[in-house]
A.B. asks: 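Here it is: the structure, laid out below.
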Amino acid sequence: MPFENLIGGTWTAGTEVIVNRNPSDMTDTVGEYAVATDAQIDEAIAAAKAALPGWSDTPPQLRVDLLNAVADRLDAEREPLGELLAREEGKIRADGIAEVARSAQFFRYFAGEALRIGGYIGPSVRPDVRVSVMRRPIGVVGLICPWNFPIAIPAWKTAPALAYGNTVVFKPSEWTPAMGYALARIVHECGAPDGVFNLVMGDGRVGHRMAASPDIAGISFTGSAAVGRKVIAEVAARGGKVQAELGGKNPLVVLDDADIDNAVECAVNGAFFQTGQRCTASSRLVVTHGILGLFTEALVARMKTLTIGPALASSTVIGPVINEAQLDKDRQYVEIGRAEDGAVVAAELHPDFNEPQGHYFGPVLFANTSNTMRINREEIFGPVASIIPVADYDEALAVANDTPYGLSAGICTRSLKYAQDFLLKSEAGINTVNLPTAGVDYHIPFGGRKGSAYGAKEHGMAAHEFYTDTRTGYMLPL
Ligand code: TXE
């Protein structure tokens, strides 16, 4: 029987299903998941609206208890859920388990935040008048999520949404409904009141209907820039609140004085781990001339140690890509790169098994590229990276910033001067020194700048900017 949508606390069948297949082996069906009809989406939104007054005024201890219970369940189920994640999305088992554990950390962190919603009281410029500013939930929030972190992204949106007293309509990616369903099951089983958390599965039609609904006060979106721009315009046009996280074309700068082993690890991790399917992946390796030869040689040698294979095989380091469209996109960009004047393929790995049943694509490294090439301007979202040679730090910084995106950026150097200058002048929202461009903490603001993001940041205390707004009060005590 297909897995169902959660609407107003009731598991609800649909008329159509998503057949969810394992990208490591397309003959393996992960499950069938009900697609929400338009009427069911409207019912879910109405249920969230009806549940809002009760939930937003519930004593915070109830919210704390629910979020902690969800965290405990995620921790308890981290192994089977991590495996299911790997089977559904294609990232390796260890990364799947780590992602479920990280999801639990978001719930635990925001359980505490439910007690720290805050606000302030202060003096008025008028005699005897008192001022108070309280943070309140914004209302029903719609969460539209991508496939690449199919439980962590829903977790980092759901946990603050519920902690601050909002009710939720959640749409997972059509490519990863199993993880969306798992989260809904756990939130429901942990005792969320009916309508507080609703699951509606399906493709862009579902997200579009949510974005257009006047009963949804705010949409939190993570996904492609193309869809994100449409969602931002739609929600803004009806006066709703919107935040969006939209990917990147992130640079990793390697200076002459870098620790070469560490720089290579940062590049391999940032460019190729999780098959390059991270919005914080470093696809542009901006390298100064003095270290270029050594760095390229060491990186190519390290790449040859990466085993490509099924997500659940213990030897696999690079799993498959999510689907055929992404596989085609990766292949096309490699052809685009080959045709660019001057670019050369420095390394190209292939899976060493015949007749693969899944969507396998080995890491590719281009050398001798320039920052104006298409492969360095457009997000590929696969294990494809380019080396861009530069003369010195100043040119490296200029190249790093010369992109329409601005999510993350990194620098490998032993120079405090350049490290500090980079943290100050890089135009990305997240910046690293001697660390991969991917990998973030859950209690620290996360989000991009320029074309990578729109609206308030996520994670940590920053989350209250989207999930709450303020009520100002003026009082004359009589
Ligand atoms: O994203 P989409 P996809 C990028 C990456 C990748 C590309 C495609 O470049 O190759 O996006 O991935 C829903 N109104 N990133 O197809 O299409 C959709 O159902 C409302 C970067 O997954 O943007 C899904 O739930 N919603 C990214 C969500 O939007 C709509 C992570 C994202 O889908 C909609 C993933 C519509 N009109 C992909 N159309 C990152 N920033 O990390 C689709 N959706």
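Order of appearance sets the numbers: ligands from 1, and atoms from 1 within every ligand.
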A.B. asks: What's the verdict on ring-ring contact (aromatic ring centres under 6.0 Å, His included) for Phe106 and His459, showing C-alpha distance, side-chain angles and the deciding distance?
C.D. replies: CA-CA 8 Å; Phe106 278 107; His459 297 189; 4.8 Å; yes

A.B. asks: Please tell me whether Tyr181 and Trp11 form a close aromatic pair, meaning their ring centres lie under 6.0 Å apart.
C.D. replies: yes

A.B. asks: Using a strict cut-off of less than 4.0 Å between a Lys/Arg side-chain nitrogen and an Asp/Glu carboxylate oxygen, indicate whether Lys249 and Glu378 qualify as a salt bridge.
C.D. replies: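 No, Lys249 and Glu378 are not salt-bridged.
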
A.B. asks: One pair to check against side chain to side chain donor-acceptor pair (under 3.5 Å): Thr437 and Ser282. What are the steps and the verdict?
C.D. replies: CA-CA 6 Å; Thr437 57; Ser282 22; 3.1 Å; yes

A.B. asks: According to salt bridge (charged side-chain N to carboxylate O under 4.0 Å, His left out), does anything in residues 427-452 pair up with another residue at least two apart or in another chain? List the pairs.
C.D. replies: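 As it turns out, the salt bridge (charged side-chain N to carboxylate O under 4.0 Å, His left out) pairs with a partner in residues 427-452, which skip direct neighbours, are Glu427-Lys450.
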
A.B. asks: Under the side-chain hydrogen bond (donor to acceptor under 3.5 Å, both in side chains) test against Asp28, which residue among Arg21, Gln357, Arg87 passes?
C.D. replies: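 Output: one option passes, namely Arg87.
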
A.B. asks: Report all N/O contacts between ligand 1 and the protein shorter than 3.5 Å as a table of atom names and distances to 0.1 Å; if there are none, say 'none'.
C.D. replies:
residue  : atom   : partner : partner atom : Å
ligand 1 : 9 (O)  : Lys329  : NZ           : 3.2
ligand 1 : 9 (O)  : Glu379  : OE1          : 2.9
ligand 1 : 10 (O) : Gln326  : OE1          : 2.7
ligand 1 : 10 (O) : Lys329  : NZ           : 2.8
ligand 1 : 12 (O) : Trp147  : NE1          : 3.4
ligand 1 : 14 (N) : His208  : N            : 3.4
ligand 1 : 19 (O) : Lys171  : NZ           : 2.8
ligand 1 : 19 (O) : Glu174  : OE1          : 2.7
ligand 1 : 22 (O) : Trp147  : NE1          : 2.7
ligand 1 : 23 (O) : Ser224  : N            : 2.8
ligand 1 : 23 (O) : Ser224  : OG           : 2.6
ligand 1 : 25 (O) : Cys145  : O            : 2.7
ligand 1 : 25 (O) : Lys171  : NZ           : 2.9
ligand 1 : 41 (N) : Gly223  : O            : 3.3
ligand 1 : 41 (N) : Gly247  : N            : 3.0
ligand 1 : 42 (O) : Asn148  : ND2          : 3.3

